[in-house]
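Start at 1 with the first residue, then count along the sequence. These numbers were taken from a predicted model, which means no experiment stands behind them.
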Amino acid sequence: MRLFVSCLVLSAGLHLSAPAHAAAEPPSNAAAAPPAECRAAPGGLAVSRRAYAQRLHGFWLGLSIGNWTGLVTEMDKIGGPGPAGRFYTRADWGKPDQPSIWGQGVPSDLSPTIDWVVRRPGEVWGSDDDSDIELIYLHLMHQSGQPLLSAEQIRQGWLRHIYSDADTPHRTADGKPENYLWVSNQQAFDLMQQGWLPPLTGMPPQNPHYDMIDAQLTTELFGTLAPGRPDVAARLADLPIRTTAAAEAADIAQFYVALHAGAAVLPAGEVADAARLRTRVLALADEARRALPSNQYPARMYDFVRARHRAGQPWEQVRDALYRRYQVEQRDGYEVTRRRLYCNGCFAAGINFAASLVSLFYGAGDMQQTLKIAVLAGWDSDNPAATWGGLYGLMLGPAAIEQRFGALSDRFNLHRTRRGFPNDGQFRLQTLAQMGVDVMDRVLVDLPGAERSADGDCWRYPMAGAPVPAATAAN
């Protein structure tokens with residue numbers, strides 16, 4: 001989503017880095033393997049709480065890398081006439097950044113070149129709209145002990161932690177009030193201030209932006225809270241998604257939730273092998289695709305990109321074809337262009353979903369390649385980059401991420417964009433990870449058939465659709 005670069009960003013201490021070893025994927029040590037005693041029964045799942053805390057640490061770290069690197073090219077390329085219609089290619093990585101559609105001819109202040117934007121030890125990651133709404137939800141679930149948030153909990157959480165234009169201390173570069181909400185998020189927030197509750201805040205006609213990108217970047221977290229159980233994750237995420245989305249945009253958001261739930265339980269041995277990881281990532285995506293209604297544009301976009309990926313077409317060619325097919329020809333029921341929205345619907349759920357699939361498929365098995373393609377593919381580029389950064393971080397863990405990028409900060413400032421959190425919004429990523437583990441405990445304790453080991457570390461529970469053992473079901 002749009003970032004107005006201000007003195008807050010310039011003083012945030014973001015560090016530009018293109019480490020020498022970053023050009024190629026080094027061997028991965030992946031996330032820490034579960035202790036020997038934390039093994040699943042046949043047909044079941046098992047999660048070590050200690051090991052999973054590392055995976056969740058990696059989720060927030062990878063998300064931050066993707067988010068801030070993607071902001072460099074956000075809305076530089078959206079199709080159409082002029083410079084914005086001349087899309088980037090792989091050859092543009094490391095070259096000068098070009099202005100965004102609102103950049104007034106000035107490239108990004110985050111980096112003069114299209115390159116990694118990271119924070120080193122002693123520096124602090126800042127929140128953005130790719131992370132701060134999810135952290136509001138995490139805080140609400142952790143504080144209440146209720147993973148299934150109610151409509152009133154969501155409304156009160158938004159009103160408590162999000163500034164309005166009337167009370168925000170932040171300003172855009174041209175001096176206007178800034179509360180770091182846009183499009184559907186802003187409309188939902190306005191409706192909440194008038195007393196509306198989710199899911200009505202995400203539905204037309206009162207929210208005409210219901211099919212924009214917003215829910216895609218605010219709800220992936222829920223997939224991490226039900227490892228290996230996309231069915232449970234979907235229930236947790238449903239109302240948060242529908243806070244800002246409806247119809248196809250809500251289905252797209254659930255696709256990302258399902259991917260994270262599946263990725264959360266990939267065995268460490270498979271994650272450490274790039275070829276095996278590539279196979280598993282593509283399989284997870286194909287599985288998540290099955291939940292998309294086949295007669296609607298998200299499934300058709302998926303099938304279009306996947307077929308061309310299988311055919312071996314270069315990713316740039318597929319990206320260009322997406323622009324022609326959906327924003328020019330308006331195929332497969334995708335009719336955003338005829339609505340004559342600002343920037344031809346460059347914030348829309350559909351075109352950004354399609355672009356995200358290009359980076360997911362063509363980078364599969366390789367975190368850095370996936371993020372590079374996401375950053376270069378166009379449109380709202382920080383969102384797919386943040387999503388895939390979090391996905392790979394969840395699979396790899398922080399140690400493997402630092403093998404690729406060097407030593408990184410574990411400090412996070414949520415009050416860069418939001419308010420009302422403990423410790424003035426300053427968190428360690430390990431703290432956010434432990435909060436996630438605590439919420440996961442609440443999810444699993446209520447899951448039929450789930451059992452926790454005597455030492456408290458290991459959760460064992462059935463896969464989706466598996467029968468619950470009679471003895472457990474009777475408890």
Side-chain angles (χ1 to χ4, degrees), residues 1-2 63 66-67 69-80 84-90 92-93 98 100-101 114 129-130 183 211-217 220 245 248-249 251-253 255-256 259 281-282 285 288-289 292 296-309 313-332 334 336-337 341 343-364 369-392:
M1 301 293 287
R2 184 171 182 180
L63 185 156
N67 183 189
T69 301
L71 284 169
V72 175
T73 60
E74 179 192 32
M75 297 302 176
D76 287 1
K77 306 296 180 182
I78 63 168
R86 295 192 288 272
F87 285 103
Y88 289 127
T89 71
R90 70 192 72 197
D92 288 298
W93 185 265
Q98 298 176 29
S100 71
I101 59 173
I114 302 172
D129 61 343
D130 287 271
V183 203
D211 58 350
M212 295 295 107
I213 194 173
D214 304 68
Q216 296 180 34
L217 53 118
E220 305 106 308
E248 291 94 340
D251 293 338
I252 290 170
F255 173 89
Y256 293 119
L259 272 183
V281 167
L282 294 174
R289 151 65 180 89
L292 297 173
Q296 296 180 357
Y297 73 74
R300 291 171 175 173
M301 286 176 166
Y302 186 100
D303 296 344
F304 181 83
V305 179
R306 190 75 167 100
R308 279 144 188 81
H309 171 254
Q313 295 181 6
W315 71 258
E316 295 95 334
Q317 182 178 327
V318 179
R319 184 268 321 279
D320 294 349
L322 288 175
Y323 167 68
R324 291 191 300 273
R325 184 177 182 87
Y326 295 110
Q327 291 202 296
V328 176
E329 299 171 3
Q330 302 184 73
R331 302 278 291 277
D332 298 333
Y334 189 70
V336 169
T337 295
L341 301 175
C343 70
N344 194 17
C346 59
F347 295 120
I351 194 62
N352 285 284
F353 171 63
S356 83
L357 296 174
V358 173
S359 52
L360 179 66
F361 298 156
Y362 283 86
Q369 183 68 6
T370 300
L371 295 186
K372 284 181 178 181
I373 297 172
V375 168
L376 294 168
W379 295 284
D380 212 352
S381 54
D382 63 312
N383 302 142
T387 294
W388 301 146
L391 184 79
Y392 273 88

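- Residues R90 and P314 approach most closely at NH2-CB, 4.1 Å, considering heavy atoms.
- Looking at residues two or more places apart in sequence or on another chain, you find no side chain to side chain donor-acceptor pair (under 3.5 Å) involving R324.
- Using a 4.5 Å heavy-atom threshold, the side chains of V375 and V72 count as separate.
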Step-by-step side chain to side chain donor-acceptor pair (under 3.5 Å) determination, S381 to T73: CA-CA 6 Å; S381 54; T73 60; 2.8 Å; yes
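- Side-chain atoms of Y88 come within 3.5 Å of backbone N or O of Q98 as a donor-acceptor pair.
- In this structure, CE in M75 is found 6.0 Å from CD1 in I101, a value given to the nearest 0.5 Å.
- Once rounded to the nearest 0.5 Å, the distance linking OG1 of T387 with CG of L360 reads 10.5 Å.
- Within the 4.5 Å cutoff, no side-chain heavy atoms of Y362 are placed close to those of Q369.
- For the atom pair T89 OG1 and R319 CZ, the distance stands at 7.5 Å (nearest 0.5 Å).
- Side-chain atoms of W388 come within 3.5 Å of backbone N or O of S356 as a donor-acceptor pair.
- Geometrically, K77 does not engage F87 in a cation-pi contact defined by less than 6.0 Å to the ring centre and at most 45° from the axis.
- Taking every heavy atom of both residues into account, A385 and G66 meet most closely at CB-O, 3.2 Å.
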Full working for side chain to side chain donor-acceptor pair (under 3.5 Å) between S100 and D76: CA-CA 4 Å; S100 71; D76 287 1; 4.8 Å; no
Check against side-chain contact (heavy atoms from CB on, under 4.5 Å), L341 and M212: CA-CA 11 Å; L341 301 175; M212 295 295 107; 4.0 Å; yes
Audit row: F353, F255, ring pair (Phe, Tyr, Trp, His ring centres under 6.0 Å) steps and yes/no: CA-CA 10 Å; F353 171 63; F255 173 89; 5.4 Å; yes
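- Under the 30°/60° scheme for interplanar angles, the aromatic rings of F361 and H309 are found to be tilted.
- Contact detail for Y326 and R300: the closest heavy-atom pair is OH-O, 3.7 Å.
- Residue D380 holds its CG atom at 4.5 Å from CD1 of I213, rounded to the nearest 0.5 Å.
- Taken to the nearest 0.5 Å, the CG atom of L371 stands 11.0 Å off from the CG atom of N67.
- In this structure, the side chains of R306 and L282 come closer than 4.5 Å at one or more pairs of heavy atoms.
- Heavy atoms only, all atoms of each residue included: L376 and W315 are closest at CB-CH2, 3.8 Å.
- Remark: E248 engages Q296, Y297, P298 in a side-chain contact (heavy atoms from CB on, under 4.5 Å) (not counting sequence neighbours).
- Counting all heavy atoms, side chain and backbone alike, A348 lies closest to V336 at CB-CG2, 4.3 Å.
- For the residue pair A355 and L322, the shortest heavy atom distance occurs at N-CD1, 4.1 Å.
- Exactly one residue among I351, V328, N344 makes a side-chain contact (heavy atoms from CB on, under 4.5 Å) with T337. That residue is N344.
- Interatomic distance, CD of E316 versus CD1 of I373, reported as 8.0 Å (0.5 Å rounding).
- Among residues two or more places apart in sequence or in another chain, the salt bridge (Lys or Arg N to Asp or Glu O under 4.0 Å) test is passed with D303 by R289.
- Residues D130 and D382 form a side-chain contact, since some pair of their non-hydrogen atoms from C-beta on lies under 4.5 Å apart.
- F304 carries R308 over the face of its six-membered ring, with the cationic atom under 6.0 Å from the centre and within 45° of the normal.
- The closest donor-acceptor contact from the side chain of Q216 to the backbone of Y256 lies at 3.5 Å or more, if one exists at all.
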